[in-house]
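Notes follow once the structure below has been shown.
Bear in mind the structure is a predicted one, so any value in this text is a computation, not a measurement. The figures that follow rest on heavy atoms only: side chains count, while hydrogens, waters and symmetry mates do not.
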Amino acid sequence: MKIVTYNVNGLRPRIAQFGSLPKLLNSLDADIICVQETKLRRQELTADLVMAEGYESFFSCTRTSERGRTGYSGVATFCRVKSAFSSDEVALPVAAEEGFTGLLEIGKGEMAAAAEGLEEFSKDELLKVDGEGRCIITDHGHFVLFNLYGPRAVCDDTERIEFKLKFFMILQKRWESLLLQGRRIFVVGDLNIAPTSLDRCDAEPEFENNQREAYTCWPQNTGAEEFNYGSRIDHILFAGSCLHQEQDLQSHNFVTCHVKECDILTQYKRWKPGNSLRWKGGQSIKLEGSDHAPVYTSLLEIPSVFQHSTPSLSARYIPMVHGLQQTLVSVLMKRQTAEQVNSDGDIIKESCSERERSSSDHCSTPGVPSGNSCSSSSQNFEVLSSKTNEHSNGFSMEDTCNTLVTLGGQRTKTMCSSEPKKKAKRSSQLSLRSFFQKSSIPSNGVGNGTDTSTNQIDVPDSNRLSNETPIPENQSGSPKQCELNSSASIEDQDEVDVCSLEKEKNNFALMEWQRLQQVMQNSIPLCKGHREPCVARVVRKRGANFGRRFYVCARAEGPASNPEANCNYFKWAASKPRQK
């Protein structure tokens, strides 16, 4: 039996790296795979992220709404099984629990009680440590497995230090309670703890001197993997007796009796031997993978357990994956609603058609050509209307009828459309400017010096209307056709002008950016250890220097004894952060 723990630094990018979730899991070739830092919220647990054929999965996600911690952390346990039901496989849990306080256990609701041994802690304290999605517990019969993602706390962050101490204090109480019950316990995961100098590249001198440089985590931003300058914070721990039934068990323990091997899967490191060094052209190489390496253990002589089925916490029962159960009543109600919507739609369509015909009968003005619609008989106003060409735009005269009316200096717009407006083609779409432009070609029947268009009508009073001669719509070489051509050419010219202006702006922006890059390049200092250009970084930690730029040596972080490693050069940039 093989157990693997792996901080994936985001489950989505690891799935993308391997092509699919099954390929990621199969590459690890383990019976139980515990992953940390999934960075998934509960509502994001879709089938492609949580389900893989031949595996049962169990997730814990962040529940806190604290700033900066939504969609943060998260753990998941994948169990490779032949069957999820009526199985005697050890890999399939007989029970599973989200969190480790007992308060998040499925099915208990508001009456949930703290787990045994945690009575001294308040409910708020327990919910807080369980609210960041840092633990999944699976009971495999012979042992209880804790999949953990321990909190990280820097030395000057007292609030997170207190949280981390309470996190492990509560866990210790839970472990002690289980050990008193005779249970065996596995604790695996990224604990964010380096217990000894064996587990730190920069351990203090007073620690042991038997350092072996077997690390599982390396800082991403310093390229420390190149010199194996990291920490060992991913662990597999065990407590409890062996599984043998002999009377004399003093010479027996679980490690010597059942652990075949335990090691680091270094082939999953981001930086591979043979890659170009960062300061020798390696910056452009994309390093795929997590900043952690998986750790595994292989177990021997683990017998089968009683027949059981997958626990209710399994991801196969998550609503986003399994779906919600529909009742017969809900299905019939949906069908009835759909029929009602269709019926209402027919009624509305019919009433719109009747209103359309009525509008057409009452929406005309004496003396105005029939091609223009939606005029009014009221006095002392102007009507500016447009009729869209039916053949070029693909919709009839009744489809759209726009009117721009000026009443006593106030402009209003009315619509006479019965159906949703279709998008007109650009080639024949009239612009507002075309209504105020005169046709340059006079038409037959109109005196010299007078330009008349069927798309522009001035109506100062009824007497003037009666003296003007309407122009037939189908007349050859009509002003309307000329107006359309004129409008189209003007719009094309406008588009050319806009494109030219946009291109000019882009060119100017590009030149400015290149100028700034050159200025920045000239201002980059050289590190004192290697006389090489530094790299610029920005302070992300909240405080007096937040947002301030600085320069450091571009080489990868490594031991001070290595002249090829980072020389620790540091210099503040000239600019300081603006005070808010």
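Side-chain contact check for Asn9 and Ser290: no donor-acceptor pair (N or O, by modelled atom type) lies under 3.5 Å. Side-chain contact of Gln36 with Thr5: a donor-acceptor pair under 3.5 Å is present, judged by distance alone. No side-chain donor-acceptor contact under 3.5 Å links Gln307 and Ser86. In the model, Glu557 has no side-chain atom that pairs as donor or acceptor with a side-chain atom of Asn566 under 3.5 Å. Residues Thr310 and Glu56 bring a donor and an acceptor atom of their side chains to less than 3.5 Å of each other. Checked by atom type, the side-chain pair Thr77/Asn147 shows a donor-acceptor distance below 3.5 Å. No donor-acceptor contact under 3.5 angstrom links the side chains of Ser122 and Asp124, judged on distance only. Donor-acceptor pairing under 3.5 Å is lacking for the side chains of Lys164 and Asn192.
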Checklist line | From CA spacing to verdict: ring-ring contact (aromatic ring centres under 6.0 Å, His included), Phe167, Phe100 | finding: CA-CA 10 Å; Phe167 179 91; Phe100 54 86; 5.1 Å; yes
Next item on the list: Could you check Tyr268 against Tyr6 for side chain to side chain contact (heavy atoms under 4.5 Å, CB included), going step by step and ending with a plain yes or no?
Entry: CA-CA 10 Å; Tyr268 285 82; Tyr6 186 21; 4.2 Å; yes
Item checked: side-chain hydrogen bond (donor to acceptor under 3.5 Å, both in side chains) assessment of Asp31 paired with Tyr55 -> CA-CA 9 Å; Asp31 300 288; Tyr55 293 87; over 6 Å; no
Margin query: Is there a side chain to side chain contact (heavy atoms under 4.5 Å, CB included) between His140 and Phe186? Walk through the geometry before answering.
Written below: CA-CA 10 Å; His140 298 267; Phe186 268 103; over 6 Å; no
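Looking at Leu45 and Leu40, their side chains come closer than 4.5 Å, going by heavy atoms from C-beta outward. Val188 is not listed as a side-chain neighbour of Leu148, based on a closest heavy-atom distance of 4.5 Å or more. Arg12 is listed as a side-chain neighbour of Glu44, based on a closest heavy-atom distance under 4.5 Å. Side chains of Phe570 and Phe550 form a contact here, defined as non-hydrogen atoms less than 4.5 Å apart. Side-chain contact between Leu526 and Glu532 is absent, with no heavy-atom pair separated by less than 4.5 Å. Looking at Val552 and Cys534, their side chains never come closer than 4.5 Å, going by heavy atoms from C-beta outward. Side-chain atoms of Lys269 and Ile264, non-hydrogen and from C-beta on, never get closer than 4.5 Å to each other. Residues Leu104 and Leu127 have side chains in contact (heavy-atom distance under 4.5 Å, counting atoms from C-beta outward).
No cation-pi contact links Arg549 to Trp572, judged by a cut-off of 6.0 Å to the six-membered ring centre and 45° from its axis. Seen from the ring of Tyr149, Arg134 counts as a face-on cation partner, given the 6.0 Å and 45° thresholds.
Although no hydrogens or angles enter the test, the distance criterion places no donor-acceptor pair under 3.5 Å between the side chain of His530 and the main chain of Glu564. In this structure, the side chain of Ser57 does not engage the main chain of Phe78 through any donor-acceptor pair within 3.5 Å. For Arg184 (side chain) and Val144 (main-chain N/O), no donor-acceptor pair under 3.5 Å exists by modelled atom type. The closest donor-acceptor contact from the side chain of Glu97 to the backbone of Gly102 lies under 3.5 Å. No donor-acceptor pair under 3.5 Å is formed between the side chain of His235 and the backbone N or O of Gly189. Judged by distance alone, the side chain of Ser27 and the main-chain N or O of Leu24 form a donor-acceptor pair under 3.5 Å.
Crowding of Gln181 atom CD: a count of heavy atoms from other residues, nucleotides or ligands under 6.0 Å exceeding 12. With a 6.0 Å radius and a threshold of 12 heavy atoms from other residues, nucleotides or ligands, Lys2 has its NZ atom above the threshold. Heavy atoms of other residues, nucleotides or ligands lying less than 6.0 angstrom from CD of Glu162 number 12 at most.
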Taking distance alone, no hydrogens or angles, what donor-acceptor pairs closer than 3.5 Å link side-chain atoms of residues 293-303 to residues at least two apart or in another chain?
| residue | atom | partner | partner atom | Å |
| --- | --- | --- | --- | --- |
| Tyr296 | OH | Glu261 | OE1 | 3.3 |
| Thr297 | OG1 | Glu261 | O | 3.2 |
| Glu301 | OE1 | His244 | NE2 | 3.0 |

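Partners of Glu116 according to the salt bridge (charged side-chain N to carboxylate O under 4.0 Å, His left out) rule, which considers only residues two or more places apart in sequence or in another chain, do not exist here.
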